[in-house]
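Comments concern the structure below.
Quick note on labels: first sequence line is chain A, next is B, and so on, each numbered from 1. Small disclaimer: the values here were computed from a predicted structure and weren't measured.
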Protein chains: 2
Amino acid sequence: MSRSQSKASDSAVASTGVIATAHDVARLAGVSQSAVSRAFTQGASISSKMRRKVLNAASELGYRPNVLARALITRRSKIVGLTMGNVENPLFPLVLDKLSTRLSEQGFRLLLFTAKINAQVDKQIEEFLRYRVDAIILLSTVMSSWLADECHKAGIPVILFNRTVKRLGGMCGVTSDNDRGGREIGRHLLEAGYKRFAFMAGYEDSSTSQMREHGFTESLKEASVPAPIRVIGDFTHAGAVRAARELLSLKKRPDAIFCANDQMACATVDVARYEFGLEPGKDVGIVGFDDIPMASWPSFSLTTYSQPIDEMAVKTVDFIAHLGKKAPHRQMVVPGKLIVRSSTR
Amino acid sequence: MSRSQSKASDSAVASTGVIATAHDVARLAGVSQSAVSRAFTQGASISSKMRRKVLNAASELGYRPNVLARALITRRSKIVGLTMGNVENPLFPLVLDKLSTRLSEQGFRLLLFTAKINAQVDKQIEEFLRYRVDAIILLSTVMSSWLADECHKAGIPVILFNRTVKRLGGMCGVTSDNDRGGREIGRHLLEAGYKRFAFMAGYEDSSTSQMREHGFTESLKEASVPAPIRVIGDFTHAGAVRAARELLSLKKRPDAIFCANDQMACATVDVARYEFGLEPGKDVGIVGFDDIPMASWPSFSLTTYSQPIDEMAVKTVDFIAHLGKKAPHRQMVVPGKLIVRSSTR
DNA sequence: CTGAAAGCGCTTACAG
DNA sequence: CTGAAAGCGCTTACAG
């Protein structure tokens, strides 16, 4: 009594930590606990009178079904695990948003781990497995093929978002058409009259970077133009600054640079303009990939290849939501779109 | 048999969906199921011989404790719910990363919902409650005071990150010293000799924006300088572009603009430079708040107030991890630091 | 230190 | 449609 008085100034309602259970609701409503469960279960056979009785008692007690307990029985946690590398890339918050929104609509929740770009996230995946997630999405992260097997054995689908691997194992991948993107960018630069080309890769073992490069190189080859000079920017701003300096310091410096993502292209624009006095578009063509919001800002005005992250998210979630219903394609590729702005002429 | 053969080309190991339980491990190891549990429980009384026996059997079966079942009994899900508004602000991925990393270290997982900036997220909070989260973090989102009460009653702490409210109810807030930040920015601009000031607010009912504005206005008042012109930029790029155009079109246009965050300040730099031909720093002083990575890029080179998100994340997680141990401050304020760059003279 | 047993809060056959 | 009962996969007193 004196305790509750001394705390009264802090808050009107004391924190009890007591949470109503289905049993409490059943007792108050004068029905069985099964009935309470049915009132909260989609499509359970229950009379509307009974449901109303239960719902009234439930709201009186502030009852909320414990989904952890439900998950134990149904063996569906409705949780999707997601690991995100490269937090620095503005594309990923957008991807996260799309995925989160669409997953919510389908009744799924997102359990998130952040990591370093391209990091091996076995530790986090193990944790997902302990939480009995219904699916796993990898964003710019990597897992061992041993663990991929474990996931497969456990019946947990793994989706590589914006990436793929040679040996998919039990996994599947969702990407935009990176090869075609690189190709269209190459053709665009050729038509614009650029002569000496460079490609700024993400990192060596990124399928995304590789395929963009492949398409680009092929388009140049078709025009009998020498292969592009090649540098590596790590998919980061800092890495791209280094790589751009290297490129622009060459005696025979390139007059067009295709960066494997917008983040690196923005850095390259800054280096060109403020360190070398070169005006993007005029003195040097700079192209990115992704079409992040920043790409359209006047400071960058980046020619780029727009990634259809909306559609990619839809495909990803549809795959997860229709688990087992239909055998999906292992590798889903969604077309993107070339966006020409003033960072190229 | 014929089925497994027809699938053989797809993967070496068939997806069985069968997951080992503590019972399976117990049987294989020839011990009780309790022993298995103890082998996986921190500080449980178990001989090392027994533990080894269990662990061997467990690894043979690929056993992973079901933390959902554990959560049911311990009443600790080790899940923290987080709602994030304003996905567009580059500060938030960083915040997410810090929180995620530190929470992981303390054995907590992040259940994430994204939302619109300043959105009311009662729906998502209800979902957190059904998942029996151990704590809730709100990032640029808002919940009804009724639900805040519900959380309090259920013993679930709610932390407002980078925000506060007048009536905290059962909640608590973690912010940087916004008032002081605004004040230091005001003094810096005065010293630099700027004369006509403007403030670009986030939105009306944001404590963050209000306190930054308050400090700013106070510092001008102390110098007997008229109150700043005031516009609203919604904390977004698009909103800031509109607001900046409005400001710079005035007959008596301001020569110094303090934007309530860096995101808006970057937009203001672009509008000033590319639409009005004004060079930031020289023709017009532009200041932000946060010190996002972009702020240091040459294109923006933003004078700003660095938010100590590292420390803020630490305080947040410490609070969550020490649940109940000690009564924390309801409102935690961490000092930041003025960073002067060339967007002001 | 170890095991048998109860129980966390639910869902779901199984009878009625 | 409804209830009693079994059970999801664990943890944790309780004896020994």
- Message: What is the first contacted nucleotide of DNA chain C and what is the last, in 5' to 3' order, if contact means an atom lying under 4.0 angstrom from a heavy atom of chain A?
- Response: dG9(C) to dA13(C)

- Query: Charged N to carboxylate O under 4.0 angstrom, Glu126(A) versus Lys123(A)?
  - Reply: no

- Message: Distance alone, cut at 3.5 Å: any donor-acceptor contact between the side chains of Gln331(A) and Thr164(A)?
- Response: yes

- Message: If you assign each of Val67(A) and Ala44(B) to its closest nucleotide in DNA chain C, which residue comes earlier from the 5' end?
- Response: Ala44(B)

- For Ser37(B) and for Gln33(A), locate the closest nucleotide of DNA chain D by heavy-atom distance; then report the residue assigned to the nucleotide nearer the 5' terminus. Gln33(A)

- Message: Just by distance, no angles: are the side chains of Asn86(A) and Ser140(A) close enough, under 3.5 Å, to form a donor-acceptor pair?
- Response: no

- Query: With a 4.0 Å cut-off on heavy atoms, is Ser47(B) in touch with a base, just the backbone sugar-phosphate, or nothing at all?
  - Reply: sugar-phosphate

- Message: Pairs counted only when both distances fall under 3.5 Å, Watson-Crick or G-U: show me the 5' to 3' dot-bracket for DNA chain C, [ ] for pseudoknotted crossings and | for other-strand partners.
- Response: |||.||||||||.|||

- Query: Is there a donor in the side chain of Asn162(A) and an acceptor in the side chain of Thr175(A), or the other way round, less than 3.5 Å apart?
  - Reply: no

- Hey, what do you get for CZ (Phe161(A)) to NZ (Lys315(A)), rounding to the nearest 0.5 Å? 11.5 Å

- Item | Residue list, salt bridge (Lys or Arg N to Asp or Glu O under 4.0 Å) with Arg51(B), at least two apart or on another chain | none

- Message: For a quick check of understanding: with a heavy-atom distance under 4.0 Å over all strands, which category does Tyr63(B) fall into, base, sugar-phosphate or nothing?
- Response: sugar-phosphate

- For Arg130(B), which contact category applies under a 4.0 Å heavy-atom criterion: base, sugar-phosphate, or nothing? nothing

- Starting at the 5' end of DNA chain C, which residue's closest nucleotide do you reach first, Ala69(B) or Ser34(B)? Ser34(B)

- Note on the structure: Between Arg102(B) and the options Ile320(B), Asp97(B), Asp318(B), the side chain to side chain contact (heavy atoms under 4.5 Å, CB included) test singles out Asp318(B)

- Message: Need one value for Arg51(B): base, sugar-phosphate or nothing, where a base atom within 4.0 Å counts as base even if backbone is also close, heavy atoms only.
- Response: nothing

- Message: Taking the basic N atoms (NZ, or NE/NH1/NH2) and the acidic carboxylate oxygens, is any pair closer than 4.0 Å for Asp24(A) and Arg27(A)?
- Response: yes

